[in-house]
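The next block holds one structure in the form of structure tokens; read it before the comments.
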Amino acid sequence: MPELPEVEVVRLGLAEHVTGRTVAAVEVRHPRSVRRHLAGELDFAARLSGRQVRAARRRGKYLWLDLDSDGAAGEALLAHLGMSGQMRIQPPGAADETHLRVRLQFADGGPELRFIDQRTFGGLSVENVVDGLPTPVAHIARDPMDPHFDHDAVIAGIRRRRTSLKRALLDQTLVSGIGNIYADEALWRARLHGARPTATLTATQGRTLLTVVTEVITEALAAGGTSFDALYVNINGASGYFDRSLAAYGQAGRPCPRCSTAIQREAFMNRSSYTCPRCQPRPRHPHP
DNA sequence: CATTTATCCTGTAAGC
DNA sequence: TGCTTACAGGATAAAT
């Protein structure tokens with residue numbers, strides 16, 4: 001569910017509220033939420049206890065808290081929010097949320113960190129950090145907010161693929177941070193159809209596409225992210241308001257903000273794609 | 001090798 | 001009202 005802007009909103013909140021604090025106690029309330037910590041939940045808790053949080057970092061949709069030692073080597077608490085994961089900062093003693101999965105208490109006795117996740121597709125684990133990245137993040141491409149993001153290399157990578165444009169945008173090993181919402185919004189802004197074969201993308205169209213990807217992500221971040229319901233909230237439980245700025249995603253039947261043609265919904269990989277049939281005509285030879 | 005699909009979960013909304 | 005079905009912001013193992 002959360003894409004780059006939503007995860008970045010969470011990261012900013014964690015940077016403010018947990019940096020410099022020392023973990024005192026860890027409570028795992030659902031084993032599935034730490035299933036990626038292969039050594040098990042007891043080891044997960046033991047590894048966190050007594051550790052100080054040094055920084056909150058992110059690549060794409062992955063989020064992690066550096067523990068103790070600065071620099072490239074060390075360990076981090078890695079989080080992926082999956083479809084419904086939340087991080088919340090709550091006063092100790094506040095009522096447990098229905099889907100509270102993991103609780104971290106701190107040595108200062110201050111507000112605790114809670115991982116809440118209805119569908120449990122997300123999870124936490126303690127990972128080794130190599131060259132500045134937790135091991136499971138090594139294969140994730142840089143995201144458009146990364147200062148070293150290389151537009152031309154990504155365009156070349158997209159054109160090298162033998163697939164459709166939207167599938168390429170969603171491939172986190174090509175460019176990270178983009179999910180179903182921002183893929184549709186970017187394709188709409190670029191007036192491109194997601195079924196377009198990647199190989200036919202011109203260099204100019206590629207540059208336009210990455211430019212609008214960056215724009216939509218930046219605007220969504222400024223709005224605090226996109227929330228349709230209480231499933232995405234920041235660490236204080238507040239919703240973002242970028243949903244009011246969506247031109248295509250979830251707008252089936254509503255007029256395209258550019259040409260007033262009704263936005264169309266179509267099936268895509270067990271979910272949906274939203275396009276303007278006039279601004280984004282289907283390619284003559286769509287990728288299957 | 002690259003690419004596509006099926007699946008992990010729970011809750012909500014729509015349709016009958 | 002109740003029951004059934006479709007769908008939801010993601011990633012990945014397994015299949016093609």
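Below, each value reflects all heavy atoms present in this structure, side chains not excepted, and no hydrogens, waters or symmetry copies. Per chain, numbering begins at 1; letters A, B, ... match sequence-line order.
- For the pair A:L81 CG and B:dC9 P, the computed distance is 19 Å after rounding to whole Å.
- Only one option out of A:H193, A:K166, A:E266 pairs with A:S273 in a side chain to side chain donor-acceptor pair (under 3.5 Å); it is A:K166.
- For A:R162, the side-chain atoms get nearest to B:dT3 when compared with the rest of C:dG9, B:dG11, B:dT3.
- The pair A:R101-A:D117 fails the salt-bridge criterion, with no side-chain N (NZ, NE, NH1 or NH2) lying under 4.0 Å from an Asp/Glu carboxylate O.
- Side-chain atoms of A:E6 come within 3.5 Å of backbone atoms of A:E3 as a donor-acceptor pair (strictly under, hydrogens ignored).
- Judged by ring centres under 5.5 Å apart and planes tilted less than 30 degrees, A:F121 stacks against the six-membered base ring of B:dC8.
- OP1 or OP2 of B:dT3 lies within a sub-4.0 Å distance of a side-chain N or O belonging to A:R161.
- Within the 4.0 Å cut-off from OP1 or OP2 of B:dG11, at least one side-chain nitrogen or oxygen of A:H99 is found.
- Among the protein residues, A:H139 comes within range of the sugar-phosphate backbone only, with heavy atoms under 4.0 Å from sugar or phosphate atoms but none that close to a base.
- Within the cation-pi definition used here (under 6.0 Å to the ring centroid, within 45° of the axis), A:R59 does not qualify as a partner of A:W64.
- Side-chain nitrogen and oxygen atoms of A:T163 include at least one within less than 4.0 Å of the OP1 or OP2 phosphate oxygen of B:dT4.
- As a whole-Å value, the separation of A:I140 CD1 from C:dG10 C1' is 11 Å.
- Following rounding to the nearest Å, A:M269 (CE) and B:dT7 (P) show an atom-to-atom distance of 15 Å.
- Comparing atom distances between the A:R265 side chain and each of C:dA8, C:dG9, B:dC8 picks out C:dA8 as nearest.
- Distance from the side chain of A:Y62 is smallest to C:dA11 among B:dT7, C:dG9, C:dA11.
- For the pair A:D171 CG and B:dT3 C1', the interatomic distance rounds to 10 Å; values are reported in whole Å.
- Looking at heavy-atom distances under 4.0 Å, A:S272 makes contact with sugar-phosphate atoms alone, never a base.
- In a base pair of the Watson-Crick type (N1 to N3 plus N6-O4 or O6-N4) or a G-U wobble (N1-O2 and O6-N3), with each distance short of 3.5 Å, C:dG9 is matched with no nucleotide.
- Between A:F228 and A:Y249, the distance separating the two ring centers is shorter than 6.0 angstrom.
- For the pair A:D184 CG and C:dG9 P, the interatomic distance rounds to 9 Å; values are reported in whole Å.
- Between the C1' atom of B:dC9 and the CZ atom of A:R29 lies a distance of 18 Å, rounded to the nearest Å.
- Straight-line distance from the CG atom of A:L169 to the P atom of C:dG9: 15 Å, rounded to whole Å.
- Phosphate proximity of B:dC8 to A:R32: absent, as no side-chain N or O sits under 4.0 Å from OP1 or OP2.
- Both A:R101 and A:S164 lie near DNA chain B, and the one whose nearest nucleotide falls closer to the 5' end is A:S164.
- Under the Watson-Crick or G-U wobble criterion, with both distances below 3.5 Å, B:dC9 has no partner in any strand shown.
- Closest contact between the side chain of A:T226 and the listed nucleotides C:dG10, B:dT4, C:dG9 involves C:dG9.
- The residue A:Y182 sits apart from the nucleic acid: no heavy atom pair falls under 4.0 Å.
- A:N270 comes within 4.0 angstrom of a base, heavy atoms only.
- Where A:T120 and A:R160 meet DNA chain B, the nucleotide closest to each residue was compared, and A:R160 sits on the side nearer the 5' end.
- Surrounding CZ of A:R35 are more than 12 heavy atoms belonging to other residues, nucleotides or ligands, all under 6.0 Å away.
- Spacing between C:dA6 and B:dA6 at atom P, rounded to whole Å, works out to 15 Å.
- Of the side-chain N and O atoms in A:Q172, one or more sit less than 4.0 angstrom from OP1 or OP2 of C:dA11.
- Using a 4.0 Å cut-off, no side-chain N or O of A:S84 falls inside it from OP1 or OP2 of B:dT10.
- Using a 4.0 Å cut-off, some side-chain N or O of A:K61 falls inside it from OP1 or OP2 of C:dA11.
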Trace of the side-chain hydrogen bond (donor to acceptor under 3.5 Å, both in side chains) decision for A:Q205 with A:R196: CA-CA 12 Å; A:Q205 288 172 327; A:R196 170 90 174 250; 2.8 Å; yes
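- Closest approach to the A:Y249 side chain among C:dA8, C:dA11, B:dT5 is made by C:dA8 (side chain taken as heavy atoms from C-beta onward).
- Between the side chain of A:R119 and the base of C:dA8, at least one donor-acceptor pair of N or O atoms lies under 3.5 Å.
- Remark: A:H287 is in phosphate contact with B:dT4, judged by side-chain N or O atoms under 4.0 Å from OP1 or OP2.
- For the pair A:I116 CD1 and B:dT10 C1', the interatomic distance rounds to 15 Å; values are reported in whole Å.
- Going from the P atom of C:dA11 to that of B:dG11 covers 22 Å, rounded to whole Å.
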